[in-house]
Amino acid sequence: MHDLTCCVQHPAVSHEGFSSLAVPTYRASTIVYDDPQSFAKRSERGLDGYTYGLHGTPTTRTLEAQLTALHRGVRTMLVPSGQAAVAVTMLAVLLPGQKVLIPDTAYPPVRRLCEDYLAPRGIGHAVYDPLIGEGIADLIDAQTRLVWMESPGSGTMEVQDVPAIARAARARGVLTGCDNTWAGPLLFKPLTHGVDFAVEALTKYVGGHSDLLLGSITVNDLALRKSIKDVLRMVGIGVSPDEAALALRGIETMGVRMTHTGRVARQFAERLQNSPVVSRVLHPALASCTGHHLWARDFAGSSAVFSIVVKPEFKERLYPAMAGLNVFAIGASWGGTRSLIAPMSIAGDRTVRPWDASETLVRISVGLEEPAELWADLERFLAAITAN
Ligand SMILES: *Cc1c(COP(=O)(O)O)cnc(C)c1O
């Protein structure tokens, strides 16, 4: 073989005796075929076959299968981010003239998607009270095609009655989707509560190391799977096997990470209730949190993300005190090994359950640092707020 040909053809080596616990990273744009007949008939391989790198590799399919199993679903589709998972689901379900219902507490970019992208294209939306429960039935009209949920709510942590909303929607032939990022599949499995689309930002707990962006959509109906796959194919969305490989590594330690950080977060949430700086602590595991009884009924445990509401009189002191933290980092995309803190502006994103703009919400995500050191950092922060 000529050297130039030799450079581009990788020799086949034996795999015999090689058995690794790690999932290989299979990179591919093109998939090659044994003969022209197989190539010509490649569409017959179906949605589970391999036809083109964009539509899946053994690496991405392994992660999809793992998420399907955790969610007790039938198929999972990976997409490039959590936001893409929400958007692709809505694009797969909604046609012009139809409508989606979203909770007031939805991840803010979802409200923006409805207002600034779907609305100009003739797809309507209405915002509902996340505590509506089976009362959602009264908001479902002839145009309603999808009810979106996110439980607990972004920042403010209201827990929704997901089974009641799913039941009411299904009784009227309306599909439901749930953004399950706070809980992940270990703490809550939306499909087992009657939801049609379980959506995750894998960027958070599955990735677990603040170094990847990925989302997933899990369904338990092959027709819904096809509707999602159609959008991905037509819009040209696929994910990198490198991102999937990072997520496959992250998911192996998700159980111990979530158990530990969930326990520490809960302890911190309880202690912070006694701080003179804090008017309320918002963590679903606290009895005072809105919807706590639903969390206790439906969720398997506590996640590491919660919020504190800082009393209005300390508003001016908050930023300087936060800048003085040295174990917590300031940032938004939680679920990694590092503890994060961030001030959140909520008021502009609440229309049904208005938020008092004088109340500042601070979101805390507990990571894997020594808990005593984290707590000391928080105590310093609280002391700096009240110092004269
Ligand atoms: C982070 C997050 C998303 C978006 O995930 P990205 O991967 O950052 O796009 C969606 N929903 C919730 C609840 C989130 O916390």
Side-chain angles (χ1 to χ4, degrees), residues 60 63 67 71 76-91 100 102-114 117 130 148-160 162 176-188 190 195 197-218 232 237-240 242-244 246-247 250-251 254 258 261-262 265 282-284 291 295 299 303-307 329-336 338-342 344-346 349-350 361-367:
T60 59
L63 180 59
L67 292 163
H71 270 299
T76 296
M77 278 70 57
L78 297 179
V79 291
S81 69
Q83 175 67 6
V86 182
V88 165
T89 304
M90 291 191 180
L91 292 175
V100 56
I102 62 167
D104 201 30
T105 45
Y107 179 63
V110 171
R111 189 185 281 252
R112 236 122 285 147
L113 166 73
C114 293
Y117 188 86
W148 197 252
M149 289 171 265
E150 180 178 332
S151 180
S154 258
T156 46
M157 300 289 159
E158 299 86 345
V159 185
Q160 297 197 258
V162 172
T176 53
C178 182
D179 183 333
N180 196 49
T181 302
W182 182 86
L186 296 181
L187 302 186
F188 187 64
V195 172
F197 299 94
V199 160
E200 303 278 358
L202 306 178
T203 305
K204 309 284 173 50
Y205 289 124
V206 169
H209 295 75
S210 313
D211 58 359
L212 69 90
L213 285 151
L214 215 51
S216 65
I217 306 161
T218 305
L232 297 179
I237 295 175
V239 305
S240 155
D242 294 285
E243 304 295 278
L246 286 172
I251 203 170
M254 181 169 69
M258 287 196 75
T261 57
L282 309 174
H283 189 307
W295 172 82
F299 286 64
S303 163
V305 179
F306 66 100
S307 302
I330 298 170
S333 194
W334 41 270
R338 287 288 303 276
S339 293
L340 296 178
I341 193 163
M344 313 284 289
S345 43
I346 296 295
D349 287 314
R350 295 292 185 274
L361 191 121
V362 174
R363 194 176 62 193
I364 294 173
S365 167
V366 173

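Just follow the structure's listing: the first ligand is 1, and inside any ligand the first atom is 1.
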Problem set entry | With V206, the side-chain contact (heavy atoms from CB on, under 4.5 Å) member among L246, T181, I251 | I251
For this session: Mind checking whether W182 contacts ligand 1 via backbone (N, CA, C, O), side chain (CB onward), both or neither, at a 4.0 Å heavy-atom cut-off?
Result: neither
Exercise. How about P284 and M157: do any of their side-chain heavy atoms sit closer than 4.5 Å?
Worked result: yes
Problem set entry | Any side-chain heavy-atom pair of T76 and I217 under 4.5 Å | no
For this session: Find all atoms of ligand 1 within a distance of less than 4.0 Å from any non-hydrogen atom belonging to E150, and give their numbers and elements.
Result: 13 (C)
Seminar exercise, completed: From the list L213, L63, V239, side-chain contact (heavy atoms from CB on, under 4.5 Å) with L202 holds only for L63
Exercise. Does an N or O anywhere in L213 fall below 3.5 Å from an N or O of ligand 1?
Worked result: no
Exercise. Does a side-chain heavy-atom distance below 4.5 Å link Y205 with S303?
Worked result: yes
Problem set entry | Interfacing atoms of ligand 1 (cut-off 4.0 Å, heavy-atom, G82) | 4 (C), 5 (O), 6 (P), 7 (O), 9 (O)
Exercise. Ligand 1 and Q83, any nitrogen or oxygen pair closer than 3.5 angstrom?
Worked result: yes
Exercise. Relative to each other, are the rings of F188 and F299 parallel, tilted or perpendicular (30° and 60° limits)?
Worked result: parallel
Exercise. Backbone or side chain, does any N or O of T203 fall under 3.5 Å from an N or O of ligand 1?
Worked result: yes
For this session: Among all protein heavy atoms, pick out the one at the shortest distance from atom 15 (O) of ligand 1; state its residue, atom name and that distance to 0.1 Å.
Result: K204 NZ, 2.6 Å
For this session: Run the numbers on R350 and T105 for side-chain hydrogen bond (donor to acceptor under 3.5 Å, both in side chains), then give the verdict.
Result: CA-CA 7 Å; R350 295 292 185 274; T105 45; 5.6 Å; no
For this session: Return a yes/no value for S154: is any of its N or O atoms, backbone included, closer than 3.5 angstrom to an N or O of ligand 1?
Result: no
For this session: Flag Y107 as yes when one of its N or O atoms lies below 3.5 Å from any N or O atom of ligand 1, and as no otherwise.
Result: no
Exercise. So between N180, T181, D179, whose heavy atom ends up nearest atom 11 (N) of ligand 1?
Worked result: D179
